[in-house]
Amino acid sequence: MVWKVYQKLLSTYGKQNWWPAETPFEVCVGAVLTQNTNWQNVEKAIENLKSHNLLFPEKILSTPLPLLQSLIKPAGFYKQKANYLKNLSLFIVENGGLETLKKENLQTIRKKLLKVKGIGRETADSILLYALNKKIFVIDAYAKRLFYRLGITQKENEPYENLRTLVETEFNRHNASIEDYKEFHALIVKHCKEICRKTPDCKICNLKTSCMLK
DNA sequence: ATCCTGGGCC
DNA sequence: GGCCCGGGAT
């Protein structure tokens, strides 16, 4: 079922080629800044950091907190997120940088990431998949909503790990690649932003034949 | 007025 | 489980 949804979304929208970023560290920063925030506003914050040449963990650490806060203000929740960015940057530096961290086992990195204050499951898995190229699926509010509406899940607030396991089990049965993991999450975001919104636009939805909403 | 690719804290 | 954080676009 989940695999068919992926195929349908892929043929509808085509490849998304996520994550939009120039470096793995930019992915990490974006993953934190986009927490409960429109990506449009995240782009403004990232542009501010770029124009000050701060998109490096060491630079984030040496930036005075008030300046960091003001630069990321467009992304909202700027006081907590400034601290989150410093926590994450410190973690990366202490682990010898992203390239070194990448060599470690997925579950080892995930456990360590989740101990960083400000890095929850979705943010950790986004970093693992898109910055460290690890095979793990990212669940977000869109995926929860979409799967519930399609009838794949019964509860609207199905626990994160249940959904992740659901997708990964089926994807592995189909010998899915890391690219498939990346594309599916990106496609879910695109579909839910444009069609399967809070108030869905079912008339123009390509998934409606297999959707419980109809 | 509502919504946005959540997470921490109680 | 509920509440708070928050600017920007619509």
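Residue numbers start from 1 in every chain, and the chains themselves are labelled A, B, ... in the order their sequence lines are given, proteins ahead of strands. Just so it is clear, the values below take in all heavy atoms, side chains as well, and ignore hydrogens, waters and symmetry mates.
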Rounded to whole angstroms, how far apart are [atom1] on [X] and [atom2] on [N]?
| X | N | atom1 | atom2 | result |
| --- | --- | --- | --- | --- |
| A/N157 | C/dG2 | CG | P | 10 Å |
| A/R145 | B/dC4 | CZ | C1' | 10 Å |
| A/L33 | C/dG6 | CG | P | 13 Å |
| A/K81 | B/dC4 | NZ | P | 14 Å |
| A/K193 | C/dT10 | NZ | P | 12 Å |
| A/L71 | C/dG8 | CG | P | 13 Å |

(request) Would you indicate whether the side-chain heavy atoms of A/V27 and A/I127 approach each other to under 4.5 Å? (result) no
Just list the side-chain donor-acceptor pairs under 3.5 Å for residues 64-73 of chain A, sequence neighbours left out, or say none.
unit_1, atom_1, unit_2, atom_2, d
A/S70, OG, A/L67, O, 2.8

(message) Can you list everything that forms a ring pair (Phe, Tyr, Trp, His ring centres under 6.0 Å) with A/F147? Sequence neighbours excluded, please.
(response) none
(request) Hey, could you give me each pair passing ring-ring contact (aromatic ring centres under 6.0 Å, His included) that has a residue in residues 25-56 of chain A? Not counting sequence neighbours. (result) A/W19-A/W39
(request) Starting from A/Y148, walk the hydrophobic network (Ile, Leu, Val, Met, Phe, Trp, Tyr; side-chain heavy atoms closer than 4.5 Å) and list everyone else you reach, by chain and number. (result) none
(request) Considering only Ile, Leu, Val, Met, Phe, Trp and Tyr, and joining two whenever side-chain heavy atoms are under 4.5 Å apart, list the other residues clustered with A/V93. (result) A/L61, A/L90
Kindly give the atom pairs (protein nitrogen or oxygen, nucleotide nitrogen or oxygen) under 3.5 Å for nucleotides 6-10 of chain B.
unit_1, atom_1, unit_2, atom_2, d
B/dG6, OP2, A/N36, N, 3.1
B/dG6, O5', A/N36, N, 2.8
B/dG6, O4', A/N36, N, 3.3
B/dG6, O6, A/N36, ND2, 3.3
B/dG7, OP1, A/G120, N, 3.2
B/dG7, OP1, A/G120, O, 3.4
B/dG7, OP1, A/E122, N, 3.4
B/dG7, OP1, A/T123, N, 2.9
B/dG7, OP1, A/T123, OG1, 2.6
B/dG8, OP1, A/G118, N, 2.8
B/dC9, OP1, A/K117, NZ, 3.1

(message) Going by salt bridge (charged side-chain N to carboxylate O under 4.0 Å, His left out), name the pairs with one or both residues in residues 26-39 of chain A, residues two or more places apart or in two chains.
(response) A/E26-A/K50
(message) Taking salt bridge (charged side-chain N to carboxylate O under 4.0 Å, His left out) as the cut-off, I'd like each qualifying pair that reaches into residues 83-106 of chain A, sequence neighbours left out, listed once.
(response) A/E104-A/K112
(message) With rounding to the closest Å, how many angstrom separate the P atoms on C/dG8 and B/dG7?
(response) 23 Å
(request) Could you identify which residues of residues 148-156 of chain A place a heavy atom less than 4.0 Å from some atom of DNA chain B, listed by residue number, or say none? (result) none
(message) I need the residues from residues 39-56 of chain A with at least one non-hydrogen atom less than 4.0 Å from DNA chain B; give them sorted by number, or say none.
(response) A/W39
(request) Could you name each residue pair satisfying side chain to side chain donor-acceptor pair (under 3.5 Å) that touches residues 187-199 of chain A, not counting sequence neighbours? (result) A/Y13-A/H191, A/K190-A/E194
(request) Establish, from distance only, whether the side-chain atoms of A/K81 and A/T37 form a donor-acceptor pair under 3.5 Å. (result) yes
(request) Remember a base hit wins even if backbone is also touched, and classify A/A186 as base, sugar-phosphate or nothing at under 4.0 Å, heavy atoms. (result) nothing
(request) Not counting sequence neighbours, which residues clear side chain to side chain contact (heavy atoms under 4.5 Å, CB included) with A/N206? List them please. (result) A/K8, A/T12
